[in-house]
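The residues of the chain are indexed from 1 along the displayed sequence.
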Amino acid sequence: MTSSGFLSNAERAAAIPEPEMQMLTQAFGKSAVRMNEYYLKLIDWNDPSDPLRELVVPATGLPKDGGWDCSNDEFEYAAPACQHVYANTALLHMPDAVRSRALRGDPDEALSAVMAGIDYIAGHEEIDQVLLVGGDSLAVGAAALRKVIGRLRLLDHVRIIRLHSKMPVFNPKRIYKNTELLKLIGEYSKPDRRIYVMAHVHHPREMTSEAIRAFEALHEAGAVIMSRTPLLKGVNDDSAVLGALLDHLSWAGVASHEFFINRPTLANERYSMPLERAYHLVEGAKARTSGPGKNARLTMSHVSGKIEILAVENRKAYLKYQQSRHHQHGMFMLLECPPSAVWFDDLPGSSRHWQDGPGAKSPKPFDDSPGDAVKRQAGYEIAD
């Protein structure tokens, strides 16, 4: 450990300007979260608006409490650690970055809630897809992950397991040097029952040779890799940046699954942008790339379902439900789109298309720890 309290490499610590180091030490020094030195090296510390810095350094002035959980997650747990979000889809919430340290020993206690969630899934044969989501599913130890995936693979009705993670671009060595992780993926990802790695990639600068090596190791192990990217003002709100990201992902054999709109919680407000701008950013990016990159879609994970933004033109939003909690799959919507609209609820008349209406917005306090700040700045949220 250096005097900074969260960096162990003195040379890398010395490369960070002193004012930045003081701020980082204050933010992380008393926290159980230990910042990743590989990723810190990617940041241009002489640029106060560096996009990668925006992703991982807790911002000052974040709201300490209050806010909206626009998918009502706190009310949607069907069992401990388990959300049954759609008829055939369940989420299992893995332990967070702090608790995951305990998983390097005996994982049984830390995984007790997850195992209770798997018991629920076992009793619901309509669930054929299970997503392992935040904490980061690849941040836990291989032994713990083996227990979870091994239990899921005993359920004949679970065909698809999706691992949501930023680890391939945040700490690539944690992937390509982790022989136990790659071995278990090879064992459990089969031609008719695949394991998908849903990589959270925000910026083309994250696609380093190390990251590509991590993706290649996952490919060779038998995983199918797809990317998810939140659109964040100040991080990747540029069509040229997004187009470069699509190119780099395609070159690495990573399918660009989607760009998504960040939920409008109070802490995310500084990263939000109008839906019309988000749509044109994505279309501009797709115009700059070729082949697989053009398949990326633009979505919102709303309390009522997964909504695809097909177009925003002339103050009209053209939308479609890709998933719905009220069985409205594929339903097309044409709504007014004011220039200030950043979310589905901001579109006049949107509430008539879903049963719960605008009352879905509900108070939820934030944990203002650095680890939680990293998650909400990075744009983690549930998938379809």
In Å and rounded to the nearest 0.5 Å, what is the NZ to CG distance from K166 to L138?
13.0 Å
If you measure from the Lys or Arg side-chain nitrogens to the Asp or Glu carboxylate oxygens, is any gap between E210 and K41 under 4.0 Å?
no
Just jot down the salt bridge (Lys or Arg N to Asp or Glu O under 4.0 Å) partners of E336, sequence neighbours excluded, or say none.
K316
If you measure from the Lys or Arg side-chain nitrogens to the Asp or Glu carboxylate oxygens, is any gap between R205 and D50 under 4.0 Å?
yes
Do H93 and Y77 have ring centroids that are under 6.0 Å from one another?
yes
Are more than 12 heavy atoms, taken from residues, nucleotides or ligands other than R159, located less than 6.0 Å from that residue's CZ atom?
yes
The criterion is side chain to side chain donor-acceptor pair (under 3.5 Å); which residues satisfy it with N178, sequence neighbours excluded?
none
Side chain of R174, backbone of A139: donor and acceptor closer than 3.5 Å?
yes
Mind checking whether M331 and V312 sit in one hydrophobic cluster, side chains of I, L, V, M, F, W, Y counted as touching below 4.5 Å?
yes
With sequence neighbours left out, the residues meeting side chain to side chain donor-acceptor pair (under 3.5 Å) with Y321 are S304
Could you give the distance from CD1 (I149) to CG (L163), rounded to the nearest 0.5 Å?
5.0 Å
Begin from the C-alpha positions of E206 and H248 and carry the test side chain to side chain contact (heavy atoms under 4.5 Å, CB included) through to its verdict.
CA-CA 10 Å; E206 295 177 322; H248 283 279; over 6 Å; no
Minimum heavy-atom distance between K306 and S301, given as atom pair plus value:
CE-OG, 3.1 Å
Less than 4.0 Å between a side-chain N and a carboxylate O, is that true for D237 and R277?
yes
Could you pull out the closest heavy-atom pair between A87 and E126, with the gap in Å?
O-CG, 3.0 Å
Test side chain to side chain contact (heavy atoms under 4.5 Å, CB included) on W354 and V303 and set out the steps.
CA-CA 9 Å; W354 52 292; V303 64; 3.3 Å; yes
Listed by chain and number, what are the side chain to side chain donor-acceptor pair (under 3.5 Å) partners of N295, not counting sequence neighbours?
none
Any side-chain heavy-atom pair from L275 and F344 closer than 4.5 angstrom?
no
So, do V130 and I118 sit near enough that their side-chain heavy atoms are less than 4.5 Å apart?
no
For L55 and L232, run side chain to side chain contact (heavy atoms under 4.5 Å, CB included): C-alpha distance rounded to whole Å, both residues' side-chain angles, the deciding distance at 0.1 Å, then the answer.
CA-CA 9 Å; L55 282 175; L232 303 175; 3.9 Å; yes
Distance-only, no hydrogens or angles: does the R193 side chain make a donor-acceptor pair with backbone N or O of K190 under 3.5 Å?
no
Is the number of heavy atoms from other residues, nucleotides or ligands within 6.0 Å of CG (D47) greater than 12?
yes
Indicate if F260 and V241 have the same hydrophobic cluster label, given that clusters are the connected sets of ILVMFWY residues with side-chain heavy-atom separations under 4.5 angstrom.
no
Same apolar cluster: Y176 and V169, side chain cutoff 4.5 Å
no
Do L132 and L145 have side chains that get closer than 4.5 Å, going by heavy atoms?
yes
Are any non-hydrogen side-chain atoms of M115 and K147 less than 4.5 angstrom apart?
yes
Hydrophobic cluster membership, with links at side-chain heavy-atom distances under 4.5 Å among I/L/V/M/F/W/Y: are M226 and I195 in one?
no
Would a hydrophobic clustering, with Ile, Leu, Val, Met, Phe, Trp and Tyr connected at side-chain separations under 4.5 Å, put I160 with Y86?
no
Rounded to the nearest 0.5 Å, the OG atom of S137 sits from the CZ atom of R162 at a distance of 11.0 Å
Non-hydrogen atoms of P338 and L347 that approach each other most closely:
CD-CD2, 4.3 Å
Exercise: identify the closest heavy-atom pair between A287 and K294
CA-NZ, 4.0 Å
For residues 118-162, pull every pair meeting ring-ring contact (aromatic ring centres under 6.0 Å, His included), keeping only residues two or more places apart or in separate chains.
H84-Y120, H84-H124, Y120-H124
Quick check: do T299 and I309 have side-chain heavy atoms less than 4.5 Å from each other?
no
So, are R153 and E187 salt-bridged, with charged N and O less than 4.0 Å apart?
no
Would you mind reporting whether E54 and Y271 have side-chain heavy atoms less than 4.5 Å apart?
yes
Heavy-atom nearest pair, A285 first then L242, reads CB-CB, 3.4 Å
Between F170 and P172 the two heavy atoms that sit nearest each other are C-CD, 3.8 Å
When rounded to the nearest 0.5 angstrom, what is the spacing between OG in S272 and CD1 in I261?
8.5 Å
Name all residues meeting the side chain to side chain contact (heavy atoms under 4.5 Å, CB included) criterion together with R194; count only those two or more places apart in sequence or in a different chain, and write none if there are none.
S189, P191, Y196, V224
Could you check whether the rings of W343 and H302 sit parallel, tilted or perpendicular, using 30° and 60° as the cut-offs?
tilted
Taking the side chain as C-beta and beyond, is there a heavy-atom pair between L281 and M273 under 4.5 Å?
yes
What's the separation between atom CG in L131 and atom CG in L92, rounded to the nearest 0.5 Å?
9.0 Å
Flag the pair K286 and E283 as a salt bridge only when some basic side-chain nitrogen lies within less than 4.0 angstrom of an acidic carboxylate oxygen.
yes
Is there a side-chain contact between L335 and H353 (heavy atoms, below 4.5 Å)?
yes
Between CD1 on residue I225 and CE on residue M198, distance to nearest 0.5 Å
11.0 Å
